[in-house]
Amino acid sequence: MPQSHLSTIALQVTSTNHLKQFHAHLIRNALHRHSFWVPRLIAFCTRFHAPPPYARRVFDSAHQPSVFAFTNMLRYYYKWGSNQEVLSLFDEMRQCNLKPDPYAYPILIKAAGKSAVLFHSELIKRGHDCGMYIRNALVNAYGSYGPIEAARQVFDEMTDRSVRDWNSIIWGYWNLGDEGEAKRLFDLMLDKNVVTWTTMVTGYSKMNDLESARRYFDRMPEKTVVSWNAMLSGYAQNGFTEEALSLFRQMVSVGVSPNETTWVTVISSCSSHGDPGFIDSVVKILEERGISMNPFVKTALLDSYAKCGRLEMARKIFNELGACRNLVAWNSMISSHTRTGDLISARELFDQMLEKDVVTWNTMIAGYAQNGQSALAIELFKQMINERGVMPNEVTVVSVISACGHLGALELGYWVMEFITANGVKLSMSAYSSLIYMYSRCGSMDEAKMIFYEMEKQDVVSHNALITGLAAHGNGIEALKFLRKMKDEGIEPDRITYIGVLTACSHSGMLEEGKKVFESIEAPDIDHYACMVDLLGRVGKLDEAKRMIEEMPMRPHAGIYGSLLNASRIHKRLDLGEFAANKLFELEPENSGNYILLSNMYASAGKWKNVDRIRKLMKTRGLMTTTGWSWVEHDRKMHKFTVGDRSHEKSVKIYSKLAELNRKLQGLGYVADKSNVSRDVEDEEKEEMVGTHSEKLAVAFGLLVSEPGTVIRVVKNIRICLDCHTAIKMISKLEEREIIVRDNNRFHHFKDNVCSCNDYW
DNA sequence: TTAGGGTTAG
């Protein structure tokens, strides 16, 4: 068959399936290894998104791949997104003693990204003439990955700047966030084209300035489908879903026909729209119009289904994608599982992946962190940085630092920050906020404040993180100070802010101030009421608190009665305590804390029959099995203890330290408080066990391993009991140590036989 | 065949 005839057939190839038929045709004619056809077949693979194994087979079928074949294969991998493959194919090319042609260098420079300078210096060293393609690729690479000065230098040294070069340097400045220089160059430019205008639209979108983006969009002398897509994705990525969808409708009505990129944006907007029916209507349109779906469209569809909770549809598309599954499809599948809390399935997919990117790691790490598996989140982070190739980014920082905060792992947090700083990972606004959260959850409010002031600009989230921390530390005065500060600076407080401030007032007994804050809230919700009940109760105005519950405009939830019960305990109001507890036994029958609080109230009133009754109730409801634990960090590891625990390797030393402390305390007049109904032990064992409560073991261990004069930080999963509270208070004086215990939601700061917090069992 | 638009983590 003559070559010209084959070329005519080749022109008719419009999809991967056609391509495969045509390929088979060539094989039958023994032409598939031909130096003319191999590069062309690879170009088809690039155009129709054929999967990598197929493209590689085509490439490998060449007897001796030509420079042309190599270049096309490099381009294929680049377009597919496998920069790593581009670079390793380049190595293969060198091993074949082939020199890259002028077309290969731009691809290599783009794929190298940050390392573009390596190719640049190689070109200079060889005295290679940097043609216009290469110069443009350099401006682009330096503009995208920095340093921008290098881009500018290449740009300035040119004597024949093309529109492309101008567009690239403008894009470089947008990438850096330098709106001024981008705009200056734009205004300076004489022959702007549609790409120049589109760059401005994208640039402003990147800066979250949608109004300016739209202004440029509306002023464009001409628009292509890419311009529309740029504006659409600007809206979509900034969360303006409605605007995106309405612009899409406008686009269709003026007769611009959407391409695959348009559909990708529209589909992803559907999933943030929240209406699960939306996606079906888009699919219907796609089917009616017979639109071919490339892997991007299919992946966007997969993600949308997953986000709407239709996992079976997502899985179906994932399977259909087969070899076309890219990283994004995998990542999306993983997050669809972590979203529903199915960490096992998520981890299975994660482990199956041969190639992972930073999003893959972040998805899994965040999955652990958000599902209460902080230790696993940190474990995976360690694995991530040990495996070369993937550098954590600001998103990773948020999850890992929050996990450290959750655990109270301060040393680990320092270590993470050291790594982040050493590797030049930039901190995002939310990373700063999670740092504030971490320091305050680790009991270090000074450092939390330091980070807060280090921020260029604080937002509502960072204020909330700080205020919530201050609340947990019982610092109402400062919490109010920061509320005023944010109002003065025009930052609108939200519901979280008010919960924090009210809690802080409550923990400091600031009734009048709290009332004023409460009255200033435009539409207080149930949690704000709960804070007020707590505040009134703590200062002893229990009847007023009960009245508030009766008169509030919504149905009280467990938090409301929980506050009342706690206040009844503090002020020894058995009647109200019984009332609140009975409500709680109905609302949350599984929460053993309520039973213990009531039972302890009976115990301190000497009503032992009632104590027995509650304990029996707990037993019949199967609530005696949960154990409390405490942990303390040493050498970036968490050392965990339960009551009477002897499993720690330093157990012998810990127990003798504890015995020594007990002797000294008794000498100072300490008597063990046994009124607390320990949930872990039977009566006969109780007397012995009180001395070995988990927080005491943790403190003893802390004293053994830490430097004199340093703070000992203990984290407990449930409330500290009165006995431990008394004992640790005395230990702080005896050993001249600052001891911080974080239980449920509060900090007990023990120093010199003092602790201002009286929330205990 | 070197410039602008696409899906995923928070």
Side-chain angles (χ1 to χ4, degrees), chain A residues 43 71-72 75 81 102-103 105-107 109-110 130-141 143-144 161-172 174 192-203 205 220 223-234 236-237 258-269 271 294-304 306-307 317 321 326-336 338-339 356-367 369-370 392-402 428-431 433-434 461:
Chain A
T71 304
N72 277 7
R75 184 175 301 114
Y103 298 114
Y105 271 111
I107 303 166
I109 288 167
K110 283 195 288 187
C130 290
M132 60 191 289
Y133 295 167
I134 293 177
R135 286 201 305 266
N136 185 257
L138 284 171
V139 176
N140 230 329
S144 303
R161 289 175 208 111
S162 67
V163 186
R164 282 189 155 86
D165 297 315
W166 279 92
N167 291 342
S168 294
I169 193 80
I170 291 176
W171 176 241
W174 275 124
K192 302 177 181 75
N193 66 6
V194 63
V195 179
T196 324
W197 284 92
T198 309
T199 304
M200 296 305 274
V201 172
T202 311
S205 302
M220 287 175 85
K223 295 184 184 79
T224 61
V225 64
V226 178
S227 327
W228 285 89
N229 289 344
M231 194 65 234
L232 270 177
S233 80
Q237 283 170 4
N259 67 6
E260 284 164 327
T261 302
T262 320
W263 289 113
V264 170
T265 311
V266 170
I267 291 168
S268 76
S269 294
S271 56
N294 68 16
F296 279 102
V297 182
K298 286 186 187 161
T299 307
L301 207 55
L302 178 159
D303 187 66
S304 271
K307 283 198 175 123
I317 297 174
L321 276 167
N326 56 17
L327 267 172
V328 179
W330 282 92
N331 294 344
S332 178
M333 283 305 285
I334 293 178
S335 77
S336 68
T338 57
R339 212 175 289 127
K356 302 179 179 83
D357 69 354
V358 64
V359 179
T360 318
W361 289 94
N362 288 351
T363 309
M364 202 61 230
I365 291 173
Q370 286 162 10
N393 65 10
E394 68 278 6
V395 178
T396 329
V397 179
V398 174
S399 300
V400 177
I401 288 294
S402 306
S428 62
M429 286 288 267
S430 38
S433 293
S434 52
V461 184

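These values consider heavy atoms only, across backbone and side chains, with no hydrogens, waters or symmetry-generated copies. Chain naming here is simple, since letters A, B, ... match the order of the sequence lines and numbering starts at 1 in each. Model, not experiment: these values are computed from the prediction.
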Undergrad: Looking only at N and O atoms, is any donor in the side chain of A:Asn193 or the base of B:dA3 less than 3.5 Å from an acceptor on the other one?
TA: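 Looking at the base of B:dA3, it does pair with a donor or acceptor on the side chain of A:Asn193 (distance under 3.5 Å).
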Undergrad: When you check the phosphate oxygens OP1 and OP2 of B:dA3, does a side-chain N or O of A:Lys110 lie under 4.0 Å from one of them?
TA: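 Result: yes.
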Undergrad: With side chain to side chain contact (heavy atoms under 4.5 Å, CB included) as the criterion, how do A:Val201 and A:Ser227 come out once you've worked through the C-alpha distance, each side chain's angles and the decisive distance to 0.1 Å?
TA: CA-CA 8 Å; A:Val201 172; A:Ser227 327; over 6 Å; no
Undergrad: Test side chain to side chain contact (heavy atoms under 4.5 Å, CB included) on A:Leu301 and A:Trp263; report intermediate values, then the result.
TA: CA-CA 9 Å; A:Leu301 207 55; A:Trp263 289 113; over 6 Å; no
Undergrad: For each nucleotide in nucleotides 5-10 of chain B, reading 5' to 3', give B when a protein heavy atom comes within less than 4.0 Å of its base, S when such contact involves only the sugar-phosphate, and - otherwise.
TA: BBBBBB
Undergrad: Could you list the residues that satisfy salt bridge (charged side-chain N to carboxylate O under 4.0 Å, His left out) with A:Lys307, not counting sequence neighbours?
TA: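 Residues passing salt bridge (charged side-chain N to carboxylate O under 4.0 Å, His left out) with A:Lys307: A:Asp303.
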Undergrad: With heavy atoms under 4.0 Å as the rule, sort A:Thr224 into base, sugar-phosphate or nothing.
TA: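 Result for A:Thr224 = base.
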Undergrad: The criterion is side chain to side chain contact (heavy atoms under 4.5 Å, CB included); which residues satisfy it with A:Ser304, sequence neighbours excluded?
TA: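 Side chain to side chain contact (heavy atoms under 4.5 Å, CB included) list for A:Ser304, sorted by chain: A:Ile267, A:Ser271, A:Ile279.
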Undergrad: Is a side-chain donor-acceptor pair under 3.5 Å present for A:Ser168 with A:Asn136?
TA: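 On atom types as modelled, these side chains qualify, holding a pair under 3.5 Å.
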Undergrad: Assess, by modelled atom type and distance only, whether the side chains of A:Asn331 and A:Asn362 contain a donor and an acceptor separated by less than 3.5 Å.
TA: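 A:Asn362 and A:Asn331 do not have a side-chain donor-acceptor pair below 3.5 Å.
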Undergrad: OP1 or OP2 of B:dA3 sitting under 4.0 Å from any side-chain N/O of A:Asn140?
TA: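 For B:dA3, OP1/OP2 do have a side-chain N/O of A:Asn140 under 4.0 Å.
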Undergrad: Give the rounded distance in Å between these two atoms: CD1 of A:Ile169 and P of B:dT2.
TA: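 Nearest whole value for this atom pair: 19 Å.
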